[in-house]
Amino acid sequence: MRDDLAAGDPMKKAKGSFRIGIGYDIHPLVEGRPLILGGVRIEHDKGLAGHSDADALIHALCDALLGALNLGDLGVHFPETEEWRGAASTKILARVAGMVAERGYRLVNADCIINAEEPKLAPHRAEMAGAIASALGADAGDISIKATRGEGLGPVGEERAIAAEAVVLLEKVK
Ligand code: MG
């Protein structure tokens, strides 16, 4: 390609500037635990079991952010040690956001799906986006959270688990 063309070609300029990442997580739904999703405590008769607060949505998002930078997965950086026992996942997300910033990237947008039979999550979407944006240092308008039910099928549909998926796009800023 001629250099004068390359200099004016936005696609050429963008090469290497953007990175995409995908994340997935699932936690068992059990009695005697609070339900925390997207950094928000949601009234329900069951909650998610796990070493931290078991916030499947934030864990999926963290894995997507780490994946975009090829930094391995959440388990590598946040092992099941005392430090992270019962920890708020927003704290883990803030730490991951630091890794993103350290490497000179910023979040363009995140698109997330929560798979849950119950409770209804639509009324909590805005609050979850706000809590995530605040932990990430991002704009809530760039965090999309969707919810879908299991329609009675599998561990999600049988209300034995809640799962989440996330895709992120990062942009190099320095
Ligand atoms: Mg998890």
Side-chain angles (χ1 to χ4, degrees), residues 19-101 107 109-122 124-125 127-138 140 142-150 153-170:
R19 299 187 65 96
I20 192 168
I22 185 171
Y24 168 81
D25 196 25
I26 186 167
H27 281 269
L29 201 50
V30 298
E31 281 172 12
R33 291 269 296 186
L35 178 60
I36 296 164
L37 277 173
V40 174
R41 169 107 190 232
I42 295 166
E43 274 315 309
H44 194 46
D45 56 354
K46 292 181 198 167
L48 296 175
H51 185 77
S52 63
D53 64 5
D55 188 329
L57 173 56
I58 287 190
H59 293 180
L61 185 58
C62 286
D63 252 1
L65 292 164
L66 292 172
L69 296 174
N70 200 1
L71 291 175
D73 59 38
L74 210 53
V76 170
H77 298 278
F78 305 94
E80 294 190 355
T81 57
E82 274 312 307
E83 185 186 2
W84 301 105
R85 184 183 300 280
S89 294
T90 44
K91 195 173 144 191
I92 294 174
L93 180 58
R95 193 74 74 87
V96 171
M99 295 180 200
V100 171
L107 180 77
N109 71 305
D111 191 15
C112 312
I113 304 174
I114 306 170
N115 298 122
E117 194 70 12
E118 290 286 342
K120 298 259 179 299
L121 296 172
H124 306 284
R125 274 167 36 185
E127 197 183 346
M128 288 191 270
I132 287 170
S134 147
L136 254 179
D142 294 326
I143 315 288
S144 152
I145 299 171
K146 298 171 298 191
T148 185
R149 294 177 57 225
L153 300 169
V156 169
E158 292 161 5
E159 294 181 53
R160 292 187 286 115
I162 288 179
E165 292 154 275
V167 171
V168 300
L169 185 67
L170 303 184

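Both counts, for ligands and for their atoms, begin at 1 and track the order of listing. Keep in mind that this is a model prediction, so the values were computed, not measured.
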For A68, is there any backbone N or O sitting under 3.5 Å from a side-chain donor or acceptor partner on R19? yes

My understanding is that only residues two or more places apart in sequence, or in another chain, count here; which of them pass side-chain hydrogen bond (donor to acceptor under 3.5 Å, both in side chains) with E127? none

Check side-chain hydrogen bond (donor to acceptor under 3.5 Å, both in side chains) between R160 and all other residues, then give those that pass, not counting sequence neighbours. E158

Tell me the protein N, O or S atoms under 2.8 Å from the Mg ion (ligand 1), in chain and number order. D25 OD2, H27 NE2, H59 ND1

Nearest-0.5 Å distance, NZ of residue K91 to CH2 of residue W84: 5.0 Å

To the closest 0.5 Å, what do you measure between CG (D142) and CG (D111)? 11.5 Å

Can you name the ring pair (Phe, Tyr, Trp, His ring centres under 6.0 Å) partners of H44, sequence neighbours left out? none

